[in-house]
Novice: 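First the structure, then my questions, so here it is.
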There are 2 protein chains.
Amino acid sequence: MASRKEVAELAGVSEATVSRVLNGVGPVREETRQRVLEAARKLNYQIHALAASFARGRSGNLGVVLPHVPKVRLFSTYYFSEMLDGIGEAVRERGMGLLLLYRRPQEPFDYVPLFRSVRIDACIVLGASSLPEEEAGIRAMADEGLPFCMIDHRSGDGRASSVCAAHEEGSRRAVQHLIESGYRKIGFLNGSPWYSPSREREAGYMRALREAGLAPDPKRMFAGNYSRTSGRRAAEDVYARLRDLDAIFVANDRMAIGLMQALRERGVRVPDDLAIVGCDDSDAAAMVDPPLTSVRVPFGAMGRTAAERLLDRLPDWRGTESVFHETLATELVVRESSAPRS
Amino acid sequence: MASRKEVAELAGVSEATVSRVLNGVGPVREETRQRVLEAARKLNYQIHALAASFARGRSGNLGVVLPHVPKVRLFSTYYFSEMLDGIGEAVRERGMGLLLLYRRPQEPFDYVPLFRSVRIDACIVLGASSLPEEEAGIRAMADEGLPFCMIDHRSGDGRASSVCAAHEEGSRRAVQHLIESGYRKIGFLNGSPWYSPSREREAGYMRALREAGLAPDPKRMFAGNYSRTSGRRAAEDVYARLRDLDAIFVANDRMAIGLMQALRERGVRVPDDLAIVGCDDSDAAAMVDPPLTSVRVPFGAMGRTAAERLLDRLPDWRGTESVFHETLATELVVRESSAPRS
DNA sequence: TGCGAAAATGTACGCGCGTACATTACGTCA
DNA sequence: TGACGTAATGTACGCGCGTACATTTTCGCA
């Protein structure tokens, strides 16, 4: 491997000049620039990224922390893949690296050492909940004023930056859509309230009912944990209450699909006996029968936005002062599972 | 941030001893060890990972390169998520980092500079094809004897390590299962032949027919590109040939599901009019109606295996000599889409 | 032609660590 | 008690780069 010194010698300049040319800093005569580039090319010189990072004192990596759930699938792979895609684009455009870090959900996670050890320059947290164990790690980052951002989660700690989706509005639209389609006895199957989107969806559901002059009814509220299995389990309760229901809004597609399957096994027809609307518009929504009406969430754009905001502010990050919050719009995708009531 | 020097002073030892304790190398008196650890704890000392990597001349990162496909979804998110999970586990156990790198499919990709610039110590390539543009990058790595491994792809270049799945055997089993279930006119919808699993699945399909004394028939062979859309498109051809078919084996679940949907729209019943078996056993297979019989591929284990082999051999990697190949078993998961012929 | 400012380049050092090698402390056995 | 081998620790340096600062060159203008 050619060294910077060799390049300097071949080009007849000092190492500093080579460095300047390669980093595009400082004034350099065009002719010199060409000579250096030519020499570097000839020697097949590759900058030692590690040494460069070390000298700069920054790793050049954005850390992305996501929950690792071996068996139970509370999150769809779709969810994270889309966000990672968006983050990946933004990261690459800025010539940085994307360090993937897994954490165990519902357990404390030490984010701060990742910064102190200069493994990452900034951090994006995916799939976070409001559980105390998880919030603790977030708070620790906030205490240090470190550059990080949570996606799709509004932390109790206002010092945590976030990029979220308009779940409340999306849910309101979804339920409004059901009402406009002739449904009146609309239930709600929510996921764990430890996740902020759950609470927002419930608020949207409530608001839509209120706006339509419909009374919320505790008998129409069901609880799951975002897994398909929990949707199947909820089917039992839903089935028992079927005469109090003509539609149900479900907090994600996985549960909606599990619910739909289990209900079908009991002879319930969708949407004739019960209309269903899900959330996420994951690719599975279009695969099931009937295709599932769902609230689309721009996961990719959310990832991209979070990474962009974070990395663009990084050079002059001023701790808590630099905190940002952004909310991206959701969109209702209407399919057959919520066809107008006949 | 506390420095190594401060720790050394507080513990009353030299920096070298601190280093030895923290890295667990060389002989250190137990009492000294405790004093150093105590001092480090007291000062909240964090090793500067970047500096350590620099001094060692190794980044401590495993690069994982995967195709970035903005719109078209040739790969299911399931595919990569599972593999990343497995890789992530192995990487964490070894105290290394996982650097995620996106590449554009069907375009040349420069792997070698990632090594030369010491951004990564080893590399795993996901979703690779045999297209010349893609093979070129792989060959370049092999030429240098670099430590890398491809997952689920058998490269033309034997110097490329690989961890694959027994697709041929899995496919053979799938088709054999169809035959045992009473089907005789069995078609095959394959994905792009540029992917080695496609070729293996075709071989397995052929072998099962041959073993059962059935003649392959070009009229029963169909082509897609692994996307759900291509499955839908293939439905047209399949529908036209329906009287020559009573079952069809499809090279992945996405196409199988697209095909199933489009056929259903034309009034074809599964499995009564046409049985279907897919590949991958992605989570969607269990979500569709009827649930899809599919060949399970141990993506997670494949990721883990690749990372383990690679990282464990890394300390004394001897170029092409160290190349390895592994094939993990597949398993047929029978569901209703291939119920015995009535 | 001379001069001053800006442009261009060179010199020199530190970033924080791992580790080869030198040195010292310790324990054993004759 | 002295010599010797090994355990334990200290000293010193280099890894390859970015960059502050010193130095030289260039060029416009009087």
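What you are looking at is a predicted structure, and each value in this text was computed from that prediction instead of being measured. The sequence lines fix the lettering, A, B, ..., with proteins before strands; numbering per chain opens at 1.
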Novice: Quick one: list whatever passes salt bridge (charged side-chain N to carboxylate O under 4.0 Å, His left out) with Arg33(A), sequence neighbours left out.
Specialist: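 Result, salt bridge (charged side-chain N to carboxylate O under 4.0 Å, His left out) vs Arg33(A): Glu30(A).
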Novice: The helix from dT1(C)-dA30(D) to dA30(C)-dT1(D): angle between its terminal axes, five pairs each, to 10°?
Specialist: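 Inter-axis angle at the termini of the helix from dT1(C)-dA30(D) to dA30(C)-dT1(D): 40°.
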Novice: For Tyr111(A), check ring pair (Phe, Tyr, Trp, His ring centres under 6.0 Å) against everything at least two apart and list the hits.
Specialist: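 For Tyr111(A) the ring pair (Phe, Tyr, Trp, His ring centres under 6.0 Å) partners, ignoring immediate neighbours, are Phe109(A).
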Novice: By the ring-ring contact (aromatic ring centres under 6.0 Å, His included) test, which pairs, at least two apart or in different chains, include something from residues 80-101 of chain A?
Specialist: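 Listed by first then second residue: Phe75(A)-Phe80(A).
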Novice: Scan nucleotides 8-18 of chain C nucleotide by nucleotide, 5' to 3', and note B when protein non-hydrogen atoms come under 4.0 Å of the base, S if they reach only the sugar-phosphate, - if neither.
Specialist: BBBB---BBBB
Novice: Sequence neighbours left out, what passes salt bridge (charged side-chain N to carboxylate O under 4.0 Å, His left out) with Asp110(B)? Give chain and number order.
Specialist: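 So Asp110(B) forms no salt bridge (charged side-chain N to carboxylate O under 4.0 Å, His left out) with any residue.
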Novice: Who are the ring pair (Phe, Tyr, Trp, His ring centres under 6.0 Å) partners of Tyr78(A), not counting sequence neighbours?
Specialist: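 With neighbours one apart ignored, the set is empty.
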Novice: State which residues pass ring pair (Phe, Tyr, Trp, His ring centres under 6.0 Å) with Tyr102(B); sequence neighbours excluded, sorted by chain then number.
Specialist: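 Checked Tyr102(B) against ring pair (Phe, Tyr, Trp, His ring centres under 6.0 Å); matches are His68(B).
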Novice: For Phe148(B), enumerate each residue passing the ring pair (Phe, Tyr, Trp, His ring centres under 6.0 Å) test, keeping only those at least two apart in sequence or located in another chain.
Specialist: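 Residues passing ring pair (Phe, Tyr, Trp, His ring centres under 6.0 Å) with Phe148(B): none at all.
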